[in-house]
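Just so you know, these numbers use all the heavy atoms, side chains as well, and skip hydrogens, waters and symmetry mates.
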Amino acid sequence: MIAMQGFQMDLVSEHRLSQMSPVEKVRFIIDEVKNGKILVLEKGLSPEEEASLIEMTMTLIEPDGFSGIEMESYPSEVDTSFIGKILKKNALKTRLTVIGPADQLKTLKKDRNMISALISTNK
């Protein structure tokens, strides 16, 4: 039998995240990344959730242990739809986000429509 080496990538739906509180989202992301998973969130986090994720991650970094996270999102877009304008007053629409262990995920290039990342199985 051939042993496979690699990493696990989880694609997380907007629906799943919408059922979590902001604290639950941050805890879920940190727990998954600490287990070495790469997460791709269909809908990104709010600026407040991102700040909370970064703040909590910084408290958990350990030498020779958890190295933190790497996180990239497409730039937010303003909801310019008619309904969006009426109901939300130019609310920002968050977009896809990629999150993983800092020692395994490196962003190579990012623009409005593409995130190019290198994922390493070496720690």
Side-chain angles (χ1 to χ4, degrees):
M1 177 190 261
I2 298 174
M4 286 182 44
Q5 290 188 0
F7 58 90
Q8 182 173 337
M9 183 183 319
D10 290 350
L11 309 174
V12 185
S13 72
E14 176 181 356
H15 177 73
R16 180 167 182 193
L17 289 177
S18 70
Q19 295 177 330
M20 297 179 190
S21 71
V23 171
E24 290 172 324
K25 285 181 199 177
V26 168
R27 188 77 250 168
F28 166 75
I29 291 167
I30 289 174
D31 289 346
E32 296 298 290
V33 172
K34 281 182 83 173
N35 287 326
K37 294 180 184 177
I38 307 294
L39 299 178
V40 178
L41 310 181
E42 179 181 15
K43 181 179 180 195
L45 302 172
S46 71
E48 295 82 13
E49 291 167 339
E50 282 189 12
S52 178
L53 176 61
I54 292 166
E55 182 179 324
M56 183 175 263
T57 299
M58 296 304 288
T59 66
L60 298 172
I61 293 175
E62 301 172 356
D64 300 325
F66 182 56
S67 64
I69 63 169
E70 175 81 10
M71 176 171 51
E72 284 296 341
S73 300
Y74 290 124
S76 297
E77 292 185 340
V78 175
D79 184 355
T80 58
S81 69
F82 179 71
I83 301 288
K85 287 180 183 177
I86 291 173
L87 299 177
K88 300 179 188 172
K89 301 276 187 184
N90 292 330
L92 287 179
K93 292 175 16 180
T94 55
R95 300 172 70 193
L96 182 131
T97 299
V98 179
I99 304 172
D103 59 354
Q104 292 180 271
L105 180 66
K106 300 294 178 215
T107 303
L108 300 176
K109 178 183 170 194
K110 178 181 123 176
D111 62 31
R112 290 207 60 73
N113 298 304
M114 186 174 97
I115 297 172
S116 180
L118 175 66
I119 301 170
S120 169
T121 56
N122 302 332
K123 285 194 172 191

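A pairwise comparison of heavy atoms in V33 and G100 identifies CG1-C, 3.5 Å as the closest pair. Taking each heavy atom of L39 and I29 in turn, the nearest pair found is CD1-CA, 3.9 Å. Here the closest non-hydrogen pair linking I115 and E72 is CD1-O, 3.8 Å.
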Donor-acceptor contacts, no H, no angles, side chain residues 50-67, under 3.5 Å, sequence neighbours left out:
| residue | atom | partner | partner atom | Å |
| --- | --- | --- | --- | --- |
| T57 | OG1 | L53 | O | 2.7 |
| T59 | OG1 | M56 | O | 2.6 |
| S67 | OG | D103 | N | 3.3 |
| S67 | OG | D103 | OD1 | 3.4 |

Can you list, pair by pair, the side-chain donor-acceptor contacts under 3.5 Å of residues 21-28, counting residues two or more places apart and other chains?
| residue | atom | partner | partner atom | Å |
| --- | --- | --- | --- | --- |
| S21 | OG | E24 | N | 3.2 |
| S21 | OG | E24 | OE1 | 3.4 |
| E24 | OE1 | S21 | N | 2.7 |
| K25 | NZ | E49 | OE2 | 2.9 |
| R27 | NE | D31 | OD1 | 3.2 |
| R27 | NH2 | D31 | OD1 | 3.0 |

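Residues that satisfy the side chain to side chain contact (heavy atoms under 4.5 Å, CB included) test with Q8, not counting sequence neighbours, are D10, K37.
Of the inter-residue distances, the one linking T107 atom OG1 with K109 atom NZ reads 13.0 Å to the nearest 0.5 angstrom. Distance check: L105 CG to I99 CD1 gives 9.5 Å after rounding to the nearest 0.5 Å. We find the CD1-CD distance between I38 and E70 to be 9.5 Å, quoted to the nearest 0.5 Å.
Under the 4.5 angstrom side-chain criterion for Ile, Leu, Val, Met, Phe, Trp and Tyr, the cluster partners of L118 are L108.
Within the 4.5 Å cutoff, no side-chain heavy atoms of S73 are placed close to those of V98. When side chains are defined from C-beta on, L45 does not count as touching T97, because their heavy atoms never get closer than 4.5 Å.
Hydrophobic clustering, with ILVMFWY side chains joined whenever heavy atoms are under 4.5 angstrom apart, keeps L96 apart from M114.
Of the possible polar contacts, one joining the E42 side chain to the E14 backbone as a donor-acceptor pair under 3.5 Å is found.
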